[in-house]
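Quick note on labels: first sequence line is chain A, next is B, and so on, each numbered from 1. In what follows, every heavy atom counts, from backbone to side chain, and hydrogens, waters and symmetry copies are set aside.
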Number of protein chains: 2
Amino acid sequence: MTDTSMKIADKKSCENCPIQHSAVCSRCEPDELRRLEEIKYYRSYEAGQPVIWAGDHMEFVASVVSGIAALSQTLEDGRTQMVGLLLPSDFIGRPGRDSAPFDVTAVTDLTICCFRKKPFEALLVSTPHIGQRLLEMTLDELDSARDWMTILGRKTAREKIASLLAIIARRNAALNKEMPGNGMSFELPLTREAMSDYLGLTLETVSRQISALRKAGVIELDGKRRVVVPSYEALLSETGDDVDGGMIA
Amino acid sequence: MTDTSMKIADKKSCENCPIQHSAVCSRCEPDELRRLEEIKYYRSYEAGQPVIWAGDHMEFVASVVSGIAALSQTLEDGRTQMVGLLLPSDFIGRPGRDSAPFDVTAVTDLTICCFRKKPFEALLVSTPHIGQRLLEMTLDELDSARDWMTILGRKTAREKIASLLAIIARRNAALNKEMPGNGMSFELPLTREAMSDYLGLTLETVSRQISALRKAGVIELDGKRRVVVPSYEALLSETGDDVDGGMIA
DNA sequence: GAGCCCACTTGATCCTGATCAATGTTTCGC
DNA sequence: GCGAAACATTGATCAGGATCAAGTGGGCTC
């Protein structure tokens, strides 16, 4: 926990916080926010650095402010599976539990806003808005974890890659407050290895399938990481998803 | 939604409810419980019957009272993945969302306790205990969804089967308020096909791996469905899980 | 008891993605 | 500019699990 790469940032106000409208604190009244400010502090990590090891005692919960973190799990022989990809405003940790069930690692340079766990748990009971927002966020996480399970359990390597690209494209469009459309482009925030951990593949297979999608004209590459999507429809048709089912309403 | 196999049970009191100590309502004060009773009704389904189709409008949320339900998702060509296994006291549906994102099916004969969605959502805001308990349950679900992702993404067929058997053994022991131990036995609540949907395998592979574990002496079979575990340790060692990591505290 | 259905088992073969290995490309420090 | 290291691509081969195909056994109706 006392990591040399970890830096404690200066106390910042919530006023200019980039995630104030979507994080756990987004529903808070001014006085609730004030109480949160009293128990918060920032931490920053460089890309690749560990944030928490599975089994560690957790003295805080946190929100991702900027950058990307990964939750992952490792089997006895070293095989690892990413089980969560945490973007800005996503929540780390779990009130009411002492030790972390999964490893948390900084995928890119990362800044998080930590809340001391004990007082945060107290706030959860005494003020309704935090708990309500956390419930909403957790239900969303659960839904996307379930979609992810279908990707892991039933999709081919090609479909897995197409699905991941579609997810990143969608999130990226949402970040820019646009609809995903033709000609859109984005930077891949993950290495080939991180993608393989996300999708339950090897990095070689990831590389091959990205090449295959490129050769098929589904995507174009600008360098290793920048992806251009000529036709969003074409990308979606590679994911194997049932376009209707579950999307009617 | 108007299913011929569906039966509406008589109004029952919460007093003798078998799941009263673990369901969403378990934290409720007597007056909160009274308000819940006003908006609840029971439904029963036979094994194999659909409860909800993905995309359906949901006019209720519910708790599983008895029996087992499965959440699942289907790809365009019919491949299906189970993404949730709902046991007694587990929660179905999601406040604040209109249409179901996944199919829900009765795996065994099933009885659920439904709450009309609108008034339930109102209670969620007005009384704190329901939301707090639901948050806790949802966080638990998310943790086990993440373990399940590791099973789907990184484990071999044999490890998948061993993991599923270990999970069922553990739940079964918990139900009887015992610790899982040597010589324990239980009835498999799932068909080979349901197991294959759970684990992202084919039913043939499930059958073969169960036979393999039997031949290796890890389990014994009494008929097709009854499983005896001579050594719980031996079963765990087949799961591929890291016994230490994440379990230190 | 005959016949049927369903859940399951077992066998033979095929194919996708893993594994092992070499090579290419960028970025960085010096 | 050079060498090293990290990241990525591509090739050759292998194997685990899918697929296709029979066959078994228990429980059911008639």
Please output the side-chain donor-acceptor pairs of residues 77-86 of chain A that fall under 3.5 Å, not counting sequence neighbours, one pair per line with the distance.
from	atom 1	to	atom 2	distance (Å)
A:D77	OD1	A:R79	N	3.4
A:D77	OD1	A:R79	NE	3.0
A:D77	OD2	A:R79	NE	3.1
A:D77	OD2	A:R79	NH2	3.2
A:R79	NH1	B:R154	O	2.9
A:R79	NH1	B:E159	OE1	2.8
A:R79	NH2	B:E159	OE1	3.3
A:R79	NH2	B:E159	OE2	2.7
A:T80	OG1	A:D197	OD1	3.3
A:T80	OG1	A:D197	OD2	3.4
A:Q81	NE2	A:D197	O	2.9
A:Q81	NE2	A:Y198	O	3.1

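- In summary, A:K160 and A:E238 do not engage in a salt bridge, as defined by a charged side-chain N under 4.0 Å from a carboxylate O.
- Counting only heavy atoms from C-beta outward, the side chains of A:Q73 and B:D147 approach each other to under 4.5 Å.
- The only member of A:S89, A:P18, A:S44 that meets side chain to side chain contact (heavy atoms under 4.5 Å, CB included) when paired with A:V65 is A:P18.
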Sequence-aligned protein contact record of nucleotides 4-10 of chain C, with B where the base is within under 4.0 Å of a protein heavy atom and S where only the sugar-phosphate is: ----SBB
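- Sorted by residue number, the members of residues 150-159 of chain A with any non-hydrogen atom under 4.0 Å from DNA chain C read A:T156, A:A157.
- Of the possible polar contacts, none joining the B:D103 side chain to the B:W53 backbone as a donor-acceptor pair under 3.5 Å is found.
- Heavy-atom contacts of chain A under 4.0 Å fall on DNA chain D between two terminal nucleotides, which in 5' to 3' order are D:dA8 to D:dA12.
- Overall bending of the helix from C:dG1-D:dC30 to C:dC30-D:dG1, expressed as the angle between end axes built from five pairs apiece, is 40° (10° steps).
- More than 12 heavy atoms of other residues, nucleotides or ligands lie within 6.0 Å of CD in A:E76, so this atom counts as buried by the packing criterion.
- Proximity of B:I92 to B:I112: side-chain heavy atoms (C-beta onward) are separated by under 4.5 Å at one or more points.
- With hydrogens and angles ignored, the 3.5 Å screen pairs no side-chain donor or acceptor of A:D90 with any backbone N or O of A:V64.
- With salt bridges taken as basic N to acidic carboxylate O contacts below 4.0 Å, none links A:R171 and A:E178.
- Judged by distance alone, the side chains of A:K155 and A:S163 do bring a donor and an acceptor atom under 3.5 Å apart.
- Within the 4.5 Å cutoff, the side chain of A:M195 has heavy atoms near those of the A:L188 side chain.
- Within 4.0 Å of A:G200, counting heavy atoms only, lie sugar-phosphate atoms of the nucleic acid but no base atom.
- A:F91 is linked by a ring pair (Phe, Tyr, Trp, His ring centres under 6.0 Å) to A:F120, counting only residues two or more places apart in sequence or in another chain.
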